[in-house]
Amino acid sequence: MRLWREWLPEDVARQATEEEPKRFAAIVAGCSREWQQHHDPALTLKWLSLFNSYLQAKGDYRSEDLNTAANTILDILLQCEHNSAAQARWASAAAQLLRTWRHQINIIVPWRPLYDLLHASLRSSKASYEGVLILETKQSSLFSLVHRCRRFFPAGSAEEVWQELRPALQNLHTPTAQQALGWLSLFLPTHGLFQGEQGWNDRIADWMLLWESDAHNKFWRGQWMLMFAQVAKHDTQGLINWRPYMPRLLNQLQWAFQVPVGTASATPPFSSANSPVTMALFHGEVHTLATTAGKIIVYTLATTLSSPHSSGNPRLARSGSGKAPLQGQDPQGEDAPGVDVVLSQLEQLVDLLEQYFHPSNNGRWNKYLAKFVNSLCKHLNKRLAKEAAPPQGHVSNGTGASSGNGAVSSGRQHVSTQTQRRVAQVILRMADKAQYSKDNTLAVAACSAFSQMAFIAPDLVLPLVQTRFQVALESVSATHQLVSAIHTFAICVRPLLLTGFAANPDSAESGPVDSAEHKEAGAQAVAGAMLATLPGIDANDPRKTLACFRFYSVVLSSVGTLQSGPGSLPLYTEEWVEELLSRVFGILGNLEAPQTRSDHAAVQGNASSAASDSASFLLEGNSMFRPMMELLFARLPKDLQLHAIKQLARFVTTTTLASVTNETALICNAAAWAAPETGVELLLKPLLCKIEEEVKHDGTAGSGRMSKVGRLLLRRVCSSSAGAAQVHGVRTSMVTIATFQTYIKENSSTILCPACSELFTHFKSRRGVTKN
């Protein structure tokens with residue numbers, strides 16, 4: 001709602017801002033009043049569509065109305081247990097309401113009615129058949145609702161839920177224990193840790209024993225790991241003493257990666273099975289262990305700092321592996337006073353996993369390693385952003401949790417700059433090996449890790465990325481590395497322009513860099529890469545070509561206009577634009593060759609419409625060709641923009657490329673949007689003149705239809721007019737349509753009727769023109 005209000009006229013936006021909350025309040029009052037009078041769930045379904053409309057609008061509604069709406073919907077939901085369709089729809093609406101306005105809603109939701117509702121609706125047998133789709137939708141909606149309601153459970157609910165399900169967890173050889181664990185993971189509210197709720201240390205000790213009791217059941221390990229991750233995330237007050245449990249906890253986390261050791265298999269030779277009822281109920285609650293492991297590690301950082309009198313395990317020494325001790329460790333590998341024990345354990349874990357990231361060491365464990373790296377980066381950024389945000393006031397909702405919308409006033413120690421750099425070093429060790437992995441998932445995860453760590457430790461990441469790019473660019477025997485190197489360099493462009501890097505790494509000081517010299521070196525590296533990657537635009541290598549286009553799109557979206565001056569790229573813009581357009585036009589010419597077409601009929605000359613409608617790799621789903629062309633014409637200064645449009649006009653008016661019409665029309669569209677007046681004069685009018693000549697020739701010849709050349713020209717006219725119509729395109733095209741209609745009447749020709757119809761439909765959809 002806030003976005004479209006900026007596009008509306010000021011008086012309309014002001015009226016909508018004032019009226020929409022009142023209408024929402026009226027809907028809430030009407031639904032609540034009717035529910036209080038009749039208590040019939042069937043009568044409330046007519047209000048559901050109205051609720052969904054306002055929930056999707058995400059407006060600024062009053063807290064009182066949101067509280068009333070939440071209480072009313074939950075009350076209706078609890079009373080319609082015999083109508084699965086209505087229950088699923090109301091549960092979905094309630095989940096969206098509590099998710100969108102969780103910081104504004106101040107209610108108390110007892111956990112027991114929801115627990116009884118799920119037991120009654122999901123475990124009891126039904127007398128009538130309802131259908132698998134309805135049952136699955138209801139189950140997913142109710143589970144999502146419980147996830148959103150946990151923060152509103154009253155104080156003390158965590159102990160009540162634990163005591164309710166604890167007896168069923170004692171006998172691990174029964175299916176009841178697995179089901180009880182699923183219910184415990186679903187209903188356990190951990191938001192009480194925000195307000196200092198006690199008793200968690202005792203529960204953690206009991207849970208650790210239960211977790212270790214069954215090490216060969218994936219569901220058992222996964223649910224306990226998920227619970228520990230949630231507790232670690234919400235323990236912002238530092239209530240839990242994690243230090244005694246970290247060795248055992250990290251030992252359990254090693255199960256998440258399923259990597260082989262020596263000749264052993266990556267999975268255990270035996271495992272305990274899950275009951276069918278458990279998997280039917282909680283199949284949607286199973287998360288990847290590697291993802292959860294990264295979350296636990298990040299949120300336990302800085303919670304286990306060693307004391308001045310404690311020493312680390314000598315087996316953690318890095319010197320034995322031929323590597324120098326890391327920052328914060330003495331030469332014997334012992335933890336110095338104040339060193340994070342979790343970080344030391346993480347470094348030891350990466351010592352074991354580092355070899356499995358090597359490109360020559362592929363296996364089914366690659367996806368788990370990729371998810372582990374992604375999880376570390378994601379949750380590290382989330383925690384650092386939360387800690388960097390200024391604390392804001394929180395409104396207590398009476399549940400023991402809080403409903404503020406800013407950073408939590410934390411008693412847990414923040415992650416220090418030194419710890420951030422050490423974590424970045426650990427992640428870079430994994431990404432360094434996985435960048436050129438044969439597994440695409442792992443390679444993409446490594447590139448993403450480089451990009452995210454570049455904002456945390458730019459002086460560590462950016463020189464490495466620059467070096468890798470130069471080596472791949474100059475390599476002759478390993479040309480396959482260039483695509484990954486270009487992609488990595490592209491996603492690091494923004495930190496390169498923001499912070500730069502030291503041209504001479506030996507003279508660089510430790511810590512973040514922000515000097516003018518370093519920024520200039522970063523801009524110079526980007527400009528040099530833009531020139532060096534131009535030969536990579538090759539129709540015979542689509543992957544490399546698309547990587548170059550993605551790189552140019554990132555650069556163009558990160559800078560202003562491509563002109564000389566302070567703060568601009570030190571780029572030979574004229575030469576670069578000239579070479580880029582010539583190579584793009586060369587690709588279009590090469591793709592037109594018969595041997596590059598996908599349709600064999602084109603070789604025989606019978607692919608009139610198929611060739612023109614097919615798209616090349618330039619228009620694939622992952623291609624950045626269109627954004628690059630739009631950004632290019634939009635970022636050019638006026639003189640270069642005029643020169644580029646002239647070059648484009650010369651190309652489209654002198655060539656007829658049947659199989660790449662869509663690509664050519666896309667470039668025309670980008671140019672016309674960037675410069676409407678110039679597009680009218682240099683693109684639209686010449687193309688319209690060619691169409692008239694084509695039409696007159698066809699009419700004289702009596703062919704009865706427009707030739708393929710005419711249809712291609714018409715398509716280019718429609719596409720190039722998309723932007724030109726903003727200024728003069730509509731008037732010009734209306735004159736053209738009138739001219740075509742006159743020509744049809746005078747010559748009794750019908751071949752132009754489809755042309756006029758297509759042209760008019762295009763402008764009507766773009767500009768809202770009214771047909772007379």
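The figures that follow rest on heavy atoms only: side chains count, while hydrogens, waters and symmetry mates do not.
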Checklist outcome for this item: Heavy atoms of Leu289 and Gly222 approach each other most closely as CD2-CA, 3.2 Å

Next on the checklist: Determine whether a donor-acceptor pair (N or O, by modelled atom type, separation under 3.5 Å) exists between the side chain of Glu197 and the backbone of Gly156.
Outcome noted: yes

Checklist entry - Of all heavy-atom pairs between Pro627 and Ser553, which one has the smallest distance, and what is that distance? => result C-OG, 4.2 Å

Could you go through residues 167-176 and list every donor-acceptor pair under 3.5 Å that involves a side-chain atom there, pairing it with any protein atom two or more places apart or in another chain?
from: Gln170; atom 1: NE2; to: Arg166; atom 2: O; distance (Å): 3.1
from: Asn171; atom 1: OD1; to: His173; atom 2: N; distance (Å): 3.3
from: Thr174; atom 1: OG1; to: Asn171; atom 2: O; distance (Å): 3.1

Checklist entry - Can any side-chain N or O of Arg203 pair as donor or acceptor with the backbone N or O of Ala158 at less than 3.5 Å? => result no

Checklist entry - If you look only at pairs with a residue in residues 272-281, which of them pass as a salt bridge (Lys or Arg N to Asp or Glu O under 4.0 Å), with sequence neighbours excluded? => result none

Item to check | Ser437 (side chain) donor-acceptor with Asp439 (main chain) under 3.5 angstrom | outcome: yes

Item to check | Nearest non-hydrogen partners of Leu165 and Ala180, listed with the distance | outcome: CD1-O, 3.7 Å

Item to check | Contact check, side chains of Gln178 and Asn217, non-hydrogen atoms, under 4.5 Å | outcome: yes

Checklist entry - Between Tyr115 and Trp111, is the ring centre distance below 6.0 Å? => result yes

Item to check | Step-by-step side chain to side chain contact (heavy atoms under 4.5 Å, CB included) determination, His191 to Phe152 | outcome: CA-CA 9 Å; His191 291 81; Phe152 301 103; over 6 Å; no

Checklist outcome for this item: Scanning both residues in full, the closest heavy-atom pair of Ala86 with Asn83 reads N-OD1, 3.3 Å

Next on the checklist: Tell me whether the rings of Tyr54 and Phe24 are parallel (<30°), tilted (30 to 60°) or perpendicular (>60°).
Outcome noted: tilted

Checklist entry - If only atom types and distance count, is the side chain of Trp101 paired as donor or acceptor with the main-chain N or O of Gly59 below 3.5 Å? => result yes

Checklist entry - Can you name the one residue among Asp40, Thr72, Leu43, Thr44 that meets side chain to side chain contact (heavy atoms under 4.5 Å, CB included) with Glu34? => result Leu43

Item to check | Min side-chain heavy-atom separation Cys149-Leu114 under 4.5 Å | outcome: yes

Item to check | Stepwise side chain to side chain contact (heavy atoms under 4.5 Å, CB included) test for Leu55 and Thr100 | outcome: CA-CA 8 Å; Leu55 294 180; Thr100 306; over 6 Å; no

Item to check | From OG (Ser92) to CG (Leu97), nearest 0.5 Å | outcome: 11.0 Å

Item to check | Spatial distance of atom CG (Leu346) from atom CD1 (Ile297) [nearest 0.5 Å] | outcome: 5.0 Å

Item to check | For Ile134 against Ala85, the heavy-atom pair lying closest together | outcome: CG2-N, 4.1 Å

Item to check | Pairwise distance OG1(Thr303) to CG(Leu301) - rounded to 0.5 angstrom | outcome: 7.5 Å

Next on the checklist: Quick check against the 3.5 Å criterion: does Ser53 have a side-chain atom that pairs as donor or acceptor with the backbone of Ser49?
Outcome noted: yes

Item to check | Sidechain-backbone polar pair: Asn201 side chain, Asn241 backbone, donor-acceptor under 3.5 Å | outcome: yes

Checklist entry - Taking Asp75 for the side chain and Asn71 for the main chain, is one N or O donor matched with an acceptor at less than 3.5 Å? => result no

Checklist entry - Donor-acceptor pair, Arg151 side chain versus Arg102 backbone, under 3.5 Å? => result no

Item to check | Non-hydrogen side-chain atoms of Lys295 and Gln230 separated by less than 4.5 Å | outcome: yes

Item to check | Heavy-atom pair of closest approach, residues Ile491 and Ser448 | outcome: CD1-N, 4.0 Å

Next on the checklist: For Gln163, I'd like to know if atom CD has over 12 heavy atoms of other residues, nucleotides or ligands within 6.0 Å.
Outcome noted: yes

Item to check | Stepwise side chain to side chain contact (heavy atoms under 4.5 Å, CB included) check, Phe228 with Met225 | outcome: CA-CA 5 Å; Phe228 272 79; Met225 191 179 294; 5.8 Å; no

Next on the checklist: Within the structure provided, determine whether Trp242 and Asp235 are in side-chain contact (heavy-atom separation under 4.5 Å).
Outcome noted: yes

Checklist entry - Any idea how Trp183 and Phe282 line up, ring-wise: parallel (<30°), tilted (30 to 60°), or perpendicular (>60°)? => result perpendicular

Next on the checklist: Is the shortest side-chain heavy-atom distance between Lys371 and His287 below 4.5 Å?
Outcome noted: no

Checklist entry - Hey, are the side chains of Trp207 and Trp200 touching, using non-hydrogen atoms and a 4.5 Å cut-off? => result yes

Checklist entry - Hey, does the side chain of Glu387 reach the backbone of Val415 with a donor-acceptor pair shorter than 3.5 angstrom? => result yes

Which donor-acceptor pairs under 3.5 Å do the side chains of residues 141-148 make with protein atoms, sequence neighbours left out?
from: Ser141; atom 1: OG; to: Thr137; atom 2: O; distance (Å): 2.8
from: His147; atom 1: ND1; to: Arg150; atom 2: NH2; distance (Å): 3.1
from: His147; atom 1: NE2; to: Glu285; atom 2: OE1; distance (Å): 3.0
from: His147; atom 1: NE2; to: Glu285; atom 2: OE2; distance (Å): 3.3

Checklist entry - Does the salt bridge (Lys or Arg N to Asp or Glu O under 4.0 Å) test come out yes or no for Glu160 and Arg112, once each step is laid out? => result CA-CA 9 Å; Glu160 295 176 6; Arg112 175 67 69 175; over 6 Å; no

Checklist entry - Counting distance only, does the side-chain N/O of Asn67 pair as donor-acceptor with the main-chain N or O of Asn106 below 3.5 Å? => result yes

Item to check | Reported CD-to-CG distance for the pair Gln420 and Leu380, which is rounded to 0.5 angstrom | outcome: 7.0 Å

Next on the checklist: In terms of relative ring orientation, are Trp224 and Trp220 parallel, tilted or perpendicular, with 30° and 60° separating the classes?
Outcome noted: perpendicular

Checklist entry - Can you find a pair of side-chain heavy atoms, one from Lys233 and one from Lys386, that are under 4.5 Å apart? => result no

Checklist entry - To the nearest 0.5 Å, what is the distance between CD1 (Ile108) and CZ (Phe153)? => result 12.5 Å

Checklist entry - Any side-chain heavy-atom pair from Met227 and Leu181 closer than 4.5 angstrom? => result yes

Item to check | Worked check of side chain to side chain contact (heavy atoms under 4.5 Å, CB included) between Met430 and Leu353 | outcome: CA-CA 8 Å; Met430 297 182 285; Leu353 297 177; 5.5 Å; no

Checklist entry - Are Glu18 and Lys22 close enough, and set up right, to give a salt bridge (Lys or Arg N to Asp or Glu O under 4.0 Å), and what steps lead you there? => result CA-CA 7 Å; Glu18 296 174 356; Lys22 297 179 182 178; 5.9 Å; no

